[in-house]
Amino acid sequence: MSMPFSMPIISALIIAILLWWFSTGLILLAARAQARGAMLGVFTLIALVGFAGVYASAGSADIAGAYLGFLGALGVWAWHEASFALGLVTGPRKEPCSADLQGWRRFKAGFMALRDHEGALLISAVIIGVLGWGADNQTALWTFLVLWCMRVSAKLSVFLGAPHGVSALVPDRLHYLTTYFRTDRLSLIPVIGVGAGIAALLVLMDQGIGLNGPAGDVAIALIGTLLALAILEHLFLVLPVSEAVLWTWAFVALDRVPQGTPPHLKGRPAPRPPANKKGAAAPL
């Protein structure tokens, strides 16, 4: 499918980037809230509206339908991000990784720390698939699957080895999760994730997602932009660049400006877990 850089395409690219940037900042702010139940209620309402948008978009094969499916999937995804960041939907294991855990035992412990979160994601993916079953407009499903697959890749990357996997974006209540990260090595997972992401982006642009004409181009632009941003996030895991600087405005609001922020922006650096002798984050 050809994708000329027309105004609808350019608009979709800009909108997707702004939504990714602004929504991430809002979740950073919400994650530090004390009233966790109230925050979860707000994002639950957003998710319910999102599911309604997913259902409504399935029968609309125009540009509006593409945007509706995209926004609906993002609304559902926001619930998962917020409920995880708030520490309410994570996993039954809520303690640091012991130094003696290796191999399969370490993987099992890491999975138990995320089990409920991953299970909720699976349920949402199934619901979105059912809501759009047999419809031409699969923008919502593709949006959610792209976000989920690239997030799984990022989780495996920091678990198996990513030099800069410990991020200032991790809320204080979840810092125990950073003890499962390996920062003393570079595994092949980030490289594979970037390569697979680029290949998927090329296939997406070539094959489309079932929609035709301008609507299909807009849907591909929206989803492809998210995929490109996910590839960028993978690069942040291996390059000595702090992605937290992109959300300085959120950290300024929290009075916790991350390291790497230009000196004219006031605040204090966000705390980072200390490194042990092997380079992995030490238990807190």
Side-chain angles (χ1 to χ4, degrees), residues 12-13 15-24 26-27 30 40 42-61 63-85 89-90 114-157 193 196-201 203-205 207-211 215-234:
L13 295 173
I15 289 172
I17 292 172
L18 290 178
L19 282 173
W20 167 80
W21 175 73
F22 188 64
S23 62
T24 300
L26 287 180
I27 291 173
L40 185 63
V42 171
F43 280 96
T44 299
L45 179 60
I46 293 174
L48 291 175
V49 173
F51 279 123
V54 169
Y55 179 73
S57 71
S60 179
I63 290 179
Y67 272 106
L68 188 57
F70 181 76
L71 292 172
L74 286 186
V76 176
W77 183 262
W79 183 90
H80 291 282
E81 289 286 278
S83 62
F84 180 79
V89 183
T90 54
L114 303 174
R115 185 198 65 185
D116 299 346
H117 174 64
E118 294 300 331
L121 285 168
L122 175 60
I123 292 172
S124 289
V126 171
I127 293 174
I128 291 175
V130 170
L131 290 176
W133 186 264
D136 290 333
N137 186 2
Q138 296 291 325
T139 305
L141 180 60
W142 279 104
T143 298
F144 196 85
L145 290 179
V146 163
L147 290 169
W148 189 16
C149 290
M150 293 303 286
R151 183 54 55 87
V152 169
S153 175
K155 289 173 183 174
L156 289 175
S157 295
I198 294 175
L201 182 59
V203 171
L204 180 66
M205 294 176 64
Q207 300 296 326
I209 59 171
L211 289 174
D217 288 342
V218 167
I220 292 172
L222 291 169
I223 300 171
T225 301
L226 280 188
L227 183 52
L229 291 170
I231 294 171
L232 178 63
E233 290 177 339
H234 274 65

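All values below come from the heavy atoms of this structure, side chains included, with hydrogens, waters and symmetry mates left out.
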Undergrad: If every non-hydrogen atom of Ile198 is compared with every non-hydrogen atom of Ile231, which pair is closest and at what distance?
TA: N-CD1, 3.6 Å
Undergrad: Is there a side-chain contact between Ile27 and Phe43, using heavy atoms and a 4.5 Å cut-off?
TA: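 Yes, close enough: below the 4.5 Å cut-off.
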Undergrad: Would you compute the distance between atom OG1 of Thr139 and atom CD1 of Ile128 and round it to the nearest 0.5 angstrom?
TA: 12.0 Å
Undergrad: Are the side chains of Ile15 and Tyr67 in touch, meaning some heavy atoms are under 4.5 Å apart?
TA: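 Counting from C-beta outward, Ile15 and Tyr67 do come under 4.5 Å.
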Undergrad: Thr44 and Leu40: side-chain contact (heavy atoms from CB on, under 4.5 Å), yes or no, with the steps?
TA: CA-CA 6 Å; Thr44 299; Leu40 185 63; 4.0 Å; yes
Undergrad: Between Val89 and His80, does the side-chain contact (heavy atoms from CB on, under 4.5 Å) criterion hold? Intermediate values first, please.
TA: CA-CA 8 Å; Val89 183; His80 291 282; over 6 Å; no
Undergrad: Apply the test side-chain contact (heavy atoms from CB on, under 4.5 Å) to residues Leu71 and Leu19: give CA-CA distance (whole Å), side-chain angles for both, the deciding distance (0.1 Å), then the verdict.
TA: CA-CA 9 Å; Leu71 292 172; Leu19 282 173; 3.5 Å; yes
Undergrad: To the nearest 0.5 Å, tell me how far Ile63 CD1 sits from Leu68 CG.
TA: 13.5 Å
Undergrad: Apply side-chain contact (heavy atoms from CB on, under 4.5 Å) to the pair Thr225 and Trp20, showing each step before the final yes or no.
TA: CA-CA 9 Å; Thr225 301; Trp20 167 80; over 6 Å; no
Undergrad: Among residues two or more places apart or on two chains, list those pairs meeting salt bridge (charged side-chain N to carboxylate O under 4.0 Å, His left out) that have a residue in residues 220-234.
TA: none
Undergrad: Identify every side-chain donor-acceptor pair in residues 144-152 under 3.5 Å, counting partners at least two apart or on other chains, and give the distances.
TA:
| residue | atom | partner | partner atom | Å |
| --- | --- | --- | --- | --- |
| Trp148 | NE1 | Glu118 | OE1 | 3.3 |
| Arg151 | NH1 | Glu81 | OE1 | 3.2 |
| Arg151 | NH1 | Glu81 | OE2 | 2.6 |

Undergrad: Students often mix this up, so state it plainly: with edges at 30° and 60°, are the rings of His117 and Phe84 parallel, tilted or perpendicular?
TA: tilted
Undergrad: State, to 0.1 Å, how close His234 and Ser157 come at their nearest heavy-atom pair, and which atoms those are.
TA: CD2-OG, 4.3 Å
Undergrad: Can a donor-acceptor pair be found, under 3.5 Å and without considering hydrogens, that links the side chain of Asn137 to the backbone of Gly65?
TA: yes
Undergrad: Check Ala66 against Ala215 and note the closest heavy-atom contact, atom names and distance.
TA: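 Closest approach of Ala66 to Ala215: CB-O, 3.9 Å.
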Undergrad: In the structure I gave you, are the side-chain heavy atoms of Leu74 and Leu226 within less than 4.5 Å of one another anywhere?
TA: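 Counting from C-beta outward, Leu74 and Leu226 do come under 4.5 Å.
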Undergrad: What pair of heavy atoms forms the shortest contact from Ala12 to Leu222, and how long is it?
TA: O-CD2, 3.5 Å
Undergrad: Could you tell me which non-hydrogen atom of Trp79 sits nearest to which non-hydrogen atom of Ala120, and how far apart they are?
TA: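 Trp79 and Ala120 have their closest heavy atoms at CZ3-CB, 4.3 Å.
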Undergrad: When the side chains of residues 45-59 are checked against the rest of the protein, which donor-acceptor pairs come out under 3.5 Å, sequence neighbours left out?
TA:
| residue | atom | partner | partner atom | Å |
| --- | --- | --- | --- | --- |
| Ser57 | OG | Gly53 | O | 3.3 |
| Ser57 | OG | Val54 | O | 2.8 |

